[in-house]
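So that the names make sense, note that chain A is the first sequence line, chain B the second, and so on, each numbered from 1.
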Amino acid sequence: MPRPDLVNEPGAPTGGGRDPGLAAVEAGLDALDAPAPASQGRRGWRRTLSAALPPLLALVAFVAVWQALWASALWPEYKLPAPLAVWNVVWEAFREGEALGILWTSVHRAVIGFLVAVVVATPFGLLVARVRPVRSAIGPLVTGLQSLPSVAWVPAAVLWFGLNDAAIYFVVLLGAVPSITNGLVAGIEQIPPILPRVGAALGANRWESARHILLPAALPGYLAGLKQGWAFSWRSLMAAELIAVSPQLGLGLGAFLQHGQALSDMTQVIAAILLILLVGIGVELLAFRPVERRVLRARGLVGVL
Amino acid sequence: MTATLEIAPPQSPASVAVRLTDVHKSFGHGPQAVTALEGVDLRVGLGEFVCLLGASGCGKTTLLNLVAGLDEPSAGDVVTHTARPAVMFQEAALLPWLTAARNVELPLRLAGVRRDRRRAKASELLELVRLREVGDKRPHELSGGMRQRVALARALASTLGAADEDAPGLLLMDEPFAALDAITRDVLQAELLRIWRATGTAVLFVTHDVREAVRLGQRVVLLSSRPGRVVQEWPVDGLRGAEELAAVEEINARLREVISTHAAA
Ligand SMILES: Nc1ncnc2c1ncn2[C@@H]1O[C@H](COP(=O)(O)OP(=O)(O)OP(=O)(O)O)[C@@H](O)[C@H]1O
Ligand SMILES: [Mg+2]
């Protein structure tokens with residue numbers, strides 16, 4: 001189909017040398033192509049402030065409502081303690097060094113469990129995503145496992161392994177592995193089909209394609225899976241610690257919570273819940289959020305984060 | 001002067017880069033199957049520049065994928081006598097998590113080239129497409145034309161990566177310049193011709209722009225649509241001025257004819 005000749009016919013590209021007119025055009029194109037300098041964002045502290053302010057306000061409002069409800073004395077003290085009373089329990093626990101021990105017991109378990117889950121789930125996810133028979137055989141099972149509350153595994157784990165760390169790690173793994181696997185599978189499924197082709201065209205074998213194309217391309221989905229896997233590790237751990245209480249297991253946050261219930265000490269129960277929440281939010285904000293943000297930024301996928 | 005080539009001139013097998021013999025390709029099964037190619041015969045000589053022309057959806061990309069070895073033909077033979085072909089896809093298809101320079105380096109890395117060598121080579125290639133300054137930018141920070149040029153540099157790197165066996169090169173390009181503004185396209189066409197002359201690699205270049213095909217190619221091959229077949233070939237090597245215009249007119253007329261038979265069917 002003939003095109004309108006809006007542009008002058010360029011010099012016929014014969015010979016090896018370039019003609020000066022073309023060189024000038026190229027230079028002009030270069031100047032146009034030069035990326036504009038990135039505009040400076042808002043100043044650092046102001047950004048931090050505007051990011052931190054809304055959640056802080058929400059927290060203040062929450063405590064204020066709590067305080068008001070407590071002051072109205074609708075419920076007896078043992079059901080709804082004052083915010084200050086809970087704060088004192090937490091503060092005492094930290095001052096006596098007990099809190100650090102409790103946090104350490106739980107957090108290090110969750111982290112170890114999570115890391116093992118990552119090591120198990122990553123090759124597993126690759127297998128499910130890339131090998132069709134494996135996928136049709138156990139793909140639905142993995143998705144199903146994700147919806148099974150991991151607390152359901154605690155009785156079985158205790159019967160199989162006894163009241164020890166193995167039982168706890170078993171529950172954590174069963175909580176986290178399906179999430180991470182599913183995240184990786186979803187991440188791989190959403191890879192634009194052109195990218196594996198690019199890999200093949202550039203001469204990547206199966207392993208190199210996984211290493212250089214599939215895994216990096218699936219990284220956003222994989223990260224989402226990791227984040228969810230961490231959340232599941234953490235809640236599975238709490239479920240396990242809450243139910244499987246024994247001196248051999250040490251005092252973790254779940255056991256701390258369970259003791260609160262046994263002693264009918266509502267302040268301790270609420271303190272434990274707040275600490276569990278705090279760890280969850282802390283890990284999300286300090287570990288996952290920055291990594292996710294960096295990964296998405298690097299690909300030009302600046303979402304709402 | 002623009003005589004139709006009824007039969008390809010006899011060639012010794014040693015001078016053939018690609019040969020397709022009665023190639024069929026259909027997608028899907030049963031009644032929903034789409035026949036993209038039916039009985040395609042095509043030959044590209046070593047070092048030859050062939051332009052593949054056809055309406056949208058006629059199977060050009062499919063054919064290129066077969067030659068690249070990314071798909072298997074449903075029937076027929078695809079034989080290449082070259083190193084692993086370098087492919088430039090219809091979209092730039094850069095890896096979004098790698099910088100421009102790393103994208104260019106990737107084929108060299110896969111070929112096992114040492115790091116300092118491939119760094120040097122990649123910056124040489126980026127220089128060639130005049131993008132040395134933006135080597136550390138990510139694809140989303142580049143304009144569409146710049147991305148296309150990075151893809152060109154990467155395709156060239158992949159010929160280098162595969163070239164250590166001393167086999168002749170083959171460059172497959174799928175409408176590489178279709179999304180570019182006219183001036184950038186002219187510049188890159190000139191660049192491509194320069195590279196082709198310098199390296200002696202065979203090129204199979206897909207386009208739906210007749211003028212581009214005549215300007216670049218030594219031979220223009222016209223595919224019909226649904227199913228894709230080779231309708232006609234024109235030798236267009238070294239045509240200038242009036243001859244070139246006449247060839248464009250003739251091929252355009254034939255292309256229109258092919259498309260209108262479609263409307264009638
Ligand atoms: N994976 C696929 N599954 C089903 N049909 C396909 C597939 N790939 C291509 N086709 C069909 O094959 C035909 C040829 O497609 P192809 O992409 O090769 O066309 P093309 O000549 O490259 O078109 P364009 O110029 O628009 O890029 C089209 O009718 C298309 O719908
Ligand atoms: Mg196409």
Applying side-chain hydrogen bond (donor to acceptor under 3.5 Å, both in side chains), run through D136(B) and T99(B) and close with a yes or a no. CA-CA 5 Å; D136(B) 55 354; T99(B) 62; over 6 Å; no
Sequence neighbours excluded, which residues qualify as side-chain contact (heavy atoms from CB on, under 4.5 Å) partners of A200(A)? L70(B)
So, using salt bridge (charged side-chain N to carboxylate O under 4.0 Å, His left out) as the criterion, who are the partners of R197(A) when residues are at least two apart? D71(B)
Between A93(B) and chain A, which part of the residue has a heavy atom less than 4.5 Å away: side chain, backbone, both or neither? both
Contact list (residues 202-224 of chain A to chain B, heavy-atom gap under 4.5 Å, by number) returns L202(A), G203(A), A204(A), E208(A), R211(A), H212(A), I213(A), P216(A), A217(A)
Under 4.0 Å between a Lys/Arg side-chain N and an Asp/Glu carboxylate O for R138(B) and E141(B)? no
Would you mind checking which part of L94(B) comes under 4.5 Å of any heavy atom in chain A, side chain (CB onward), backbone (N, CA, C, O), both or neither? backbone
Identify each donor-acceptor pair in which a side-chain atom of residues 124-136 of chain A lies under 3.5 Å from a protein atom, sequence neighbours left out, and give them as a table.
residue: R135(A); atom: NH2; partner: E189(A); partner atom: OE2; Å: 2.1
residue: S136(A); atom: OG; partner: R132(A); partner atom: O; Å: 3.1
residue: S136(A); atom: OG; partner: P133(A); partner atom: O; Å: 3.2

Salt bridge present between R254(B) and E257(B) (N-O < 4.0 angstrom): yes
Enter the distance from T207(B):OG1 to L52(B):CG here, rounded to the nearest 0.5 Å. 9.5 Å
At a heavy-atom separation under 4.5 Å, does E91(B) approach chain A through its side chain, its backbone, both, or neither? side chain
